[in-house]
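Presented below is the structure to which this report refers.
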Amino acid sequence: MTKTLSSNPWDIIIIGSGIGGLTAANLLAYRGKKVLICESHAIPGGAAHSFTRQGFHFDSGPSFYCGLTSQTPNLNPLTQVLDLVGESLAVVKYDPLGYYHFPEAKLPIYSNLAQYRDAIATTLNPQAAQEFAAFEKRLLSLYDALKNIPAIALRSDWKIIPTLIQNYFPALIQLLPQLPLVNSSVGTVMDKYVQNPFLRRLIDVECFLLSGLPASGTIAPEFAFMLGERTRVGVEYPVGGSGAIINALVRGFEKYGGKLRLNAHVEQIFVKHNKVTGIRLKNGEILNAPIVISNATIWDTYNHLLSPEDLPPAYRQEALETEAVESFMHLHLGIKSEGLDNLTGHHVVVHDSQKPITTPGNTCMISIPSVWDANLAPPNHHLIHAYTLEPYQGWEKDANYKSRKQTKAETLYQAVEKVIPDVRQRLVLNLIGTPLTHARYLRRYQGTYGPAIPAEQGMFPSCHTPITGLYRVGDSTTPGIGVPAVAASGILCANTLQG
Ligand SMILES: Cc1cc2nc3c(=O)[nH]c(=O)nc-3n(C[C@H](O)[C@H](O)[C@H](O)COP(=O)(O)OP(=O)(O)OC[C@H]3O[C@@H](n4cnc5c(N)ncnc54)[C@H](O)[C@@H]3O)c2cc1C
């Protein structure tokens, strides 16, 4: 059903308002481009959107952040974009950044590395703390070399070479000796410095939180950057939750003339003679633009938004065969807070040390953001988000859906009980999400966390596509799933389009 054929008021149409789409949109609008974002959902932000039920303001995804406020140097790609468009965030700083609950021991994880090493020495032994110190030193030397080249200067084409040589020559020289590590996995570094099995498991968990993969699959620069930044500036939670970040990005974008359309699901990207011409929305409306940027996942873009004949068959097949990290089970809980005076905000529970941390249900992440921002919950209440990996396959809205959902959520309740033993008696709101919920509200292929492209085994495909005028941003374009990486993907794409 075709409704209208609009004239061509947009230079660029972006499909999706995830952090990847929004950062690209901000830079492009700031540089004078006429940019339209079409977002399928009623709420912007994608995996980072916030939603409200019965007065509880939940995060749907991220809650671990650092470097959200301007400082010199300001290294978080997201904050670099916000700075440019004159937006800022209020944050709450905290340390320890979380408690990790293993069957053998519970230990606090500090941003402050001396305290982190002390916690390892106390919980394990001084030898393990020394191993960690050597591991950390190696990764921080990589961070020190990387941090002098700001993400805001990067691009995804050959012009990166003159840009770096002209503006960052000393930093490039400093980076040269680190090059072997740039393509390595954290596992390779861990194998060299860390023997203690518990410590190796701890590092695996830290990697898993970042990339959805253990140390052997996580790229060293991503981990080095996380470790370096959280040591330098500490961990922060945005006042207002992750939705506050999205609101700031939307404000920045609209300030420079950008337009965000919500409930605007894109059904098709039009391609003529290998050139993008525009898009069609689900309501039949056709919008033209010479450049389209897709923030939808690689699988959604190439499977659903393009026709098979739009792409070279071998390229399409290879792209669609990209492995995906599993989806999630979620709990979003509202609870009575009476007596929970010393509650802390982040916890990771590993139920069984004999099973891999990536086994669905084994590693559970818990965030209680009302500890940092009481306004996220009604007075005398807290809100909790707990999640764990869960495969998408096999989930159907059939007669067993409700009971299966309850059974599968049990591992999450048990994890939360390690932190709040009587949590079930405190419940006032109890929402269980399955991979179907995740796929539906985050509009992501099979509700995946992102591509499982292990370090040392594959390359992320960048913002380019074989179609002239069609680009991609988001977690299936640049290495490292997570907010800094997807913000960097938006920057890389926008800078590449700058010419
Ligand atoms: C449970 C969970 C916890 C996480 N925790 C952290 C954390 O603590 N720290 C951290 O840094 N990262 C974390 N992450 C990762 C981080 O949130 C994501 O990597 C990031 O937000 C992904 O952004 P994106 O731009 O790639 O894509 P998305 O957020 O997926 O955005 C894509 C957007 O495109 C829209 N869209 C898709 N198809 C269409 C269409 N056809 N038409 C119109 N719109 C469309 C979607 O609705 C969505 O808004 C977490 C993720 C999850 C799921």
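Atoms within each ligand, like the ligands themselves, are counted from 1 in listed order.
- Donor-acceptor pairing under 3.5 Å is recorded for the side chains of Tyr237 and Asp59.
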Give one line per pair: atom of ligand 1, protein atom, distance. Only N/O to N/O under 3.5 Å.
{"from": "ligand 1", "atom 1": "8 (O)", "to": "Ser63", "atom 2": "N", "distance (Å)": "3.1"}
{"from": "ligand 1", "atom 1": "8 (O)", "to": "Phe64", "atom 2": "N", "distance (Å)": "2.9"}
{"from": "ligand 1", "atom 1": "9 (N)", "to": "Phe64", "atom 2": "O", "distance (Å)": "3.1"}
{"from": "ligand 1", "atom 1": "11 (O)", "to": "Val483", "atom 2": "N", "distance (Å)": "2.8"}
{"from": "ligand 1", "atom 1": "19 (O)", "to": "Gly482", "atom 2": "N", "distance (Å)": "3.2"}
{"from": "ligand 1", "atom 1": "25 (O)", "to": "Ile19", "atom 2": "N", "distance (Å)": "3.3"}
{"from": "ligand 1", "atom 1": "25 (O)", "to": "Gly20", "atom 2": "N", "distance (Å)": "2.8"}
{"from": "ligand 1", "atom 1": "25 (O)", "to": "Asn295", "atom 2": "OD1", "distance (Å)": "3.4"}
{"from": "ligand 1", "atom 1": "25 (O)", "to": "Asn295", "atom 2": "ND2", "distance (Å)": "3.0"}
{"from": "ligand 1", "atom 1": "26 (O)", "to": "Asp475", "atom 2": "N", "distance (Å)": "2.8"}
{"from": "ligand 1", "atom 1": "29 (O)", "to": "Ala47", "atom 2": "N", "distance (Å)": "2.7"}
{"from": "ligand 1", "atom 1": "30 (O)", "to": "Arg444", "atom 2": "NH1", "distance (Å)": "2.7"}
{"from": "ligand 1", "atom 1": "41 (N)", "to": "Val266", "atom 2": "O", "distance (Å)": "2.9"}
{"from": "ligand 1", "atom 1": "42 (N)", "to": "Val266", "atom 2": "N", "distance (Å)": "2.9"}
{"from": "ligand 1", "atom 1": "44 (N)", "to": "Ser40", "atom 2": "N", "distance (Å)": "3.1"}
{"from": "ligand 1", "atom 1": "47 (O)", "to": "Glu39", "atom 2": "OE2", "distance (Å)": "2.6"}
{"from": "ligand 1", "atom 1": "49 (O)", "to": "Glu39", "atom 2": "OE1", "distance (Å)": "2.6"}
{"from": "ligand 1", "atom 1": "49 (O)", "to": "Glu39", "atom 2": "OE2", "distance (Å)": "3.3"}
{"from": "ligand 1", "atom 1": "49 (O)", "to": "Gly46", "atom 2": "N", "distance (Å)": "3.3"}

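- Across all non-hydrogen atoms, the minimal contact from Leu333 to Phe58 is O-CE2, 3.5 Å.
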Run the side-chain donor-acceptor check on residues 316-326: report pairs under 3.5 Å with partners two or more places apart or on a different chain.
{"from": "Gln317", "atom 1": "NE2", "to": "Glu321", "atom 2": "OE2", "distance (Å)": "3.0"}
{"from": "Thr322", "atom 1": "OG1", "to": "Ala319", "atom 2": "O", "distance (Å)": "2.6"}

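- The ring-ring contact (aromatic ring centres under 6.0 Å, His included) test with His101 is passed by exactly one of His346, His351, His347: His347.
- At distances below 3.5 Å, not a single donor-acceptor pair connects side-chain atoms of Thr359 with backbone N or O atoms of Lys355.
- Between His49 and Phe51, the angle of the ring planes lies from 30° to 60°, which puts this pair in the tilted group.
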